[in-house]
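Every number for a ligand or one of its atoms is a count from 1 in the order of the listing. Computed from a predicted model, the values in this text were never measured in an experiment. Side chains are part of it too, since the values below use all heavy atoms of this structure and drop only hydrogens, waters and symmetry mates.
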Amino acid sequence: MDEAVMHSLMVDLHCDGERQGPGGKEQTSLALKLSGIDPESNVEVADIGCGTGASTLVLADKLPKARITAVDLFPEFLKVLEDGAREAACSDRVLPTEGSMEALPFADESLDLIWSEGAVYNMGFAKGVESWRRFLRPGGVLAVSEITWLHPNPPDDIKQFWETEYPEIATASKKITILEGIGYDLLGYLVLPPECWIENYYRPTEARISDFLRRNAGKPEADELVEMERQEASMYERYRAIYSYGFYVARRR
Ligand code: SAH
């Protein structure tokens, strides 16, 4: 499969979505509470793999004095965030920035808060949280959501599915051990509830699919992408008790 074609189809399917992965405003707010950050402080924040900025705009609202650099690979998503920030009257302190999470433009110890929802899997959790750590000042906070087994012995079919898709999937205790091992102390953990997946992500995605297929008629990759999305959604429907995104909030030692 041609990766560039797949990327542009993915952008086409998800650009009009409020979010590009499971999550919710309430959960973003809750994770922010767990961070212990004073809402009135002048914090320097990065939102990595921000997509169209669902979490970025919640952070901008809850942290009115923060400056937020929102990084994503795809300019089409950042354009939507730019419009959203203008509408929310926070464009002066929300900075959409095109770039890779593997080559971030920050100085060492320059950030108070690193946020990343449903995105670190693109480089892998362990590699991501380890390589981002140096951008946080000591005492700075990392808040990252990551696919997580809620159960230590998942059934074989879902185990195989995720081990093919993302072999780093693990239980929260393993993810927390990784964080502790590379120099973070856990401040809090929460599990995204089913509405974050179904109401906030899969259902709105499904509602865009018929137009998407019409726009991309004759491209086999478009059918393939839809097939993948639907397979993932039906796996989630069946195994919602077995896995979710865990939200890890941790302080740099
Ligand atoms: N945080 C958003 C988007 C999650 S989807 C939300 O919760 O809605 C994952 C995002 O990571 C996508 O927007 C994708 O474009 C971005 N992404 C994928 N690989 C990336 C990379 N190497 N560097 C930066 N962003 C990347």
Side-chain angles (χ1 to χ4, degrees), residues 3-32 45-62 68-85 94-106 111 113-132 135 142-148 165-166 168-169 190-193 195-205 208 225 228-229 232-233 236 244-249:
E3 203 174 319
V5 173
M6 214 51 176
H7 273 168
S8 84
L9 287 169
M10 219 193 63
V11 168
D12 183 0
L13 178 59
H14 289 288
C15 207
D16 295 334
E18 195 181 325
R19 51 186 331 122
Q20 287 68 45
K25 292 189 175 117
E26 242 179 80
Q27 289 67 29
T28 300
S29 305
L30 182 51
L32 182 61
V45 183
D47 188 350
I48 302 175
C50 62
T52 59
S55 57
T56 319
L57 294 176
V58 173
L59 295 174
D61 178 50
K62 303 278 174 191
I68 308 173
T69 305
V71 181
D72 204 277
L73 213 46
F74 297 117
E76 295 88 341
F77 289 160
L78 295 169
K79 174 74 179 60
V80 176
L81 169 58
E82 202 177 306
D83 294 344
V94 169
L95 316 170
T97 303
E98 188 180 334
S100 171
M101 61 175 74
E102 302 198 46
L104 292 167
F106 306 111
L111 300 173
L113 177 61
I114 291 181
W115 206 267
S116 183
E117 293 195 25
V120 71
Y121 72 88
N122 285 293
M123 66 184 290
F125 180 81
K127 190 172 164 211
V129 296
E130 181 161 28
S131 69
W132 300 346
F135 302 125
L142 169 81
V144 58
S145 73
E146 161 79 346
I147 194 87
T148 298
E165 290 292 309
Y166 185 58
E168 267 193 79
I169 186 169
L190 62 112
V191 175
L192 295 192
E195 72 258 25
C196 287
W197 292 77
I198 296 171
E199 278 84 358
N200 297 355
Y201 181 58
Y202 287 137
R203 205 173 286 158
T205 303
R208 295 191 301 273
L225 179 62
M228 273 162 49
E229 297 267 351
E232 204 198 285
Y236 179 74
S244 186
Y245 268 90
F247 217 136
Y248 300 83
V249 184

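Around ligand 1 you find Arg19, Gln20, Gly21, Gly49, Cys50, Gly51, Asp72, Leu73, Phe74, Phe77, Gly99, Ser100, Met101, Glu117, Gly118, Ala119, Asn122, each with a heavy-atom distance below 4.0 Å.
Ser131 and Glu102 share no donor-acceptor pair across their side chains, judged by distance under 3.5 Å alone.
By the ring-ring contact (aromatic ring centres under 6.0 Å, His included) test, Tyr121 pairs with no residue at all, sequence neighbours left out.
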Side chain to side chain contact (heavy atoms under 4.5 Å, CB included) between Phe77 and Cys15: does it pass, once the steps are laid out? CA-CA 6 Å; Phe77 289 160; Cys15 207; 4.1 Å; yes
Walk me through it: do Trp115 and Leu32 pass the test side chain to side chain contact (heavy atoms under 4.5 Å, CB included)? CA-CA 9 Å; Trp115 206 267; Leu32 182 61; 3.9 Å; yes
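A salt bridge between Lys127 and Glu168 is absent, with no side-chain N of the basic residue lying under 4.0 Å from a carboxylate O of the acidic one.
No donor-acceptor pair closer than 3.5 Å links the side chain of Thr97 to the backbone N or O of Thr69.
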